[in-house]
Amino acid sequence: MSSQIDHLLTETRRFAPSAAFAGNAVADRSLYERAAADREGFWADQARELHWHTPFTTVLDWSNPPFAEWFADGELNVAYNCLDRHVEAGNGDRIALRWEGEPGDQRNVTYAELTDEVKRLANVLTDLGVEKGDRVALYLPMIPEAIASMLAVARIGAVHSVVFGGFSADSLRARIDDAGAKVVITADGGWRKGKVSPLKPAVDQALADRNGSGIQETVEHVLVVKRGENDVEWTDDRDIWWHDVVPQASADHEAQAFPAETPLFILYTSGTTGKPKGILHTSGGYLTQAAFTNRVVHDVHPETDVYWCTADIGWITGHSYVTYGPLANGATQLLYEGTPDTPHPGRWWELIQNHGVTVFYTAPTAIRSFMKIGRDVPQSFDLSSLRLLGSVGEPINPEAWVWYREIIGADETPIVDTWWQTETGAIMISALPGVTETKPGSAQVPVPGISIAVVDDSGEPVGNGSGGLLVVTEPWPSMLRGIWGDPDRYRETYWEKFADKGYYFAGDGARLDDDGDVWLLGRVDDVMNVSGHRLSTAEIESALVGHEGVAEAAVVGASDETTGQAVVAFVIIKSRYLKQNPVEGLGDELRRWVGEQIGPIARPRDVYIVGELPKTRSGKIMRRLLRDVAEGREVGDTTTLADTAVMSVISAQVK
Ligand code: WTA
């Protein structure tokens, strides 16, 4: 790690904003000054960019840390802010979504049309018995109905829990049960990699096959969008076709005002234990920071930009920078259903060319896989509409950053590398385009109004030039409000480590360079980052030991050229199982098994069958040593192992 850090810190290339960009940028330097002079007043100003049915008089209430309240006596409606107010301002004909399906079918949805659809759906959900505070699970492809569903749930004060369509029935069930969802909105299927990938069958399985879990079924209805045209099974009293009820419903629906701290959504993310955490976000503060950062970091000019964030709505990036931020700002955005390489490897560049995309926000893993394919592919498309590029999800190495700027950005566009988390709700660290001189590989500076530090284990700042732990030192508007149903876990996970200082511990290592710019160094816990998706080692280990043949499993994240990290599993097979089953093909069988249990993104790249795992005398698995093996390095210090010979045995078995 340290040689990699030193290599990063020798990066000296700098890119000053062009005068043309700076002259027309949304952000300017005075934002920093205003925020530094009066942080809460600054956020109050940003919040006032929204429409409040009842204006707030208080800003931050931090009297009961770590439970924050922002703008608590104000009332607003999140969907009204993303829809009706743009229509009322005369922008109803502006396109909100330029949607393209993977097969190439297209639909433009204006703000007026989206508002109409959301009102109808709000009436349908109300008719189905969904009330303020009820949870609705969404399991959908990237189609306009997905955005409409999030907004309709928000409009009636209910709480959505979007589950990524690539998650398995088991993962879906766990999330539905934890949230106690009353309704599920899904589709028959969606297009992925040239074929229809079914969704409804997974919902059926999640609701049917409860394995005598003893957990009560909470789902009363499943609302199904027709998209894939694949055959689906039907449960008459439960299942309803979207097209049978939404177009027929009344388009009259007045948005009611809800207190600012009304829960808006739960989004599950991996932590250090096997059970995913339901991160809870609320309304006013979340929308304030999502909209503000989208405006100043993505430099959104709603009248002229075509903005494209490639994230799926199953992730936080899709929540904040597909649905809530851009729509609150009245932006026009591209929404694309499919994968980057279907039907050809230039699919994304073709979309940028055909839709005239101006602002593009994606993940380093995508950039690295395009680098691998070669520059000829993007260079055969006209990308001249692009004026700003963004990166999110994992550290972007300077090589990928520079390639992104040169090949995609014509050696001209600013790049913003944005650090944040499901828990932070919105961007926390990023350059401001037009203001900041950018540095390949560094996320650089906290956005105005955000206070961070890099500290040692006792919470003392490490100063410039040394590595440490990234903390947020002051509460922020879009911060998580808790873990659904588990306040203790919330406190322990994020606030206990630096309880005396009241710092939020992000779980990331970081280092400040001589200019004080932030370089992210990856997770310091057992969370892996594969293609920008968070996975926990414990979650995959528990899936592996759920297989009848596996006695013990240890999972590590090994560095991978394309995906950032890759899942590598070391497993001990039960001898009883080996007596009856061949060892050949077992690795593939276990990869498939994990894919089924959690979802294809969790499938290990490598499965090594070993006789023993390296453990300390107290029985803790030393993942550091397994990572050495997985990355093909010489194995590090083994002196704390209970049995120091075990690593040479494992190394031999892996070879
Ligand atoms: C990592 C995604 C370096 C980090 C928005 C964080 C990053 C985790 C960056 C959150 C970045 C995100 N540079 N690392 N620009 N952005 N990360 O919850 O480890 O899916 O803790 O949120 O991704 O992942 P999550």
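Read the numbers this way: they start at 1 and go in the same order the structure lists the ligands and their atoms.
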Quiz item: Going by an N to O cut-off under 4.0 Å, is there a salt bridge joining E496 and R489?
Solution: no
Which donor-acceptor pairs under 3.5 Å do side chains of residues 502-510 form with protein atoms, sequence neighbours excluded?
from	atom 1	to	atom 2	distance (Å)
Y504	OH	Q421	OE1	2.8
D508	OD1	R523	NH1	3.3
D508	OD2	W419	NE1	3.1

Practice problem: Sort out the contact shell of ligand 1: every protein residue with a heavy-atom distance below 4.0 Å, listed by chain and number. | Solution: I316, T317, V392, G393, E394, P395, D417, T418, W419, W420, Q421, T422, D508, L520, R523, N529, R534
Self-check item: D457/K497 under salt bridge (charged side-chain N to carboxylate O under 4.0 Å, His left out): CA gap, chis, key distance, verdict
Solution: CA-CA 8 Å; D457 264 323; K497 187 162 177 66; 2.9 Å; yes
Exercise. Inspect the contact between R368 and E394 and indicate whether a charged nitrogen and a carboxylate oxygen are less than 4.0 angstrom apart.
Key: yes
Self-check item: SB check D299 R387 (cutoff 4.0 Å)
Solution: yes
Self-check item: Residues K439, D513: salt bridge by 4.0 Å N-O rule
Solution: yes
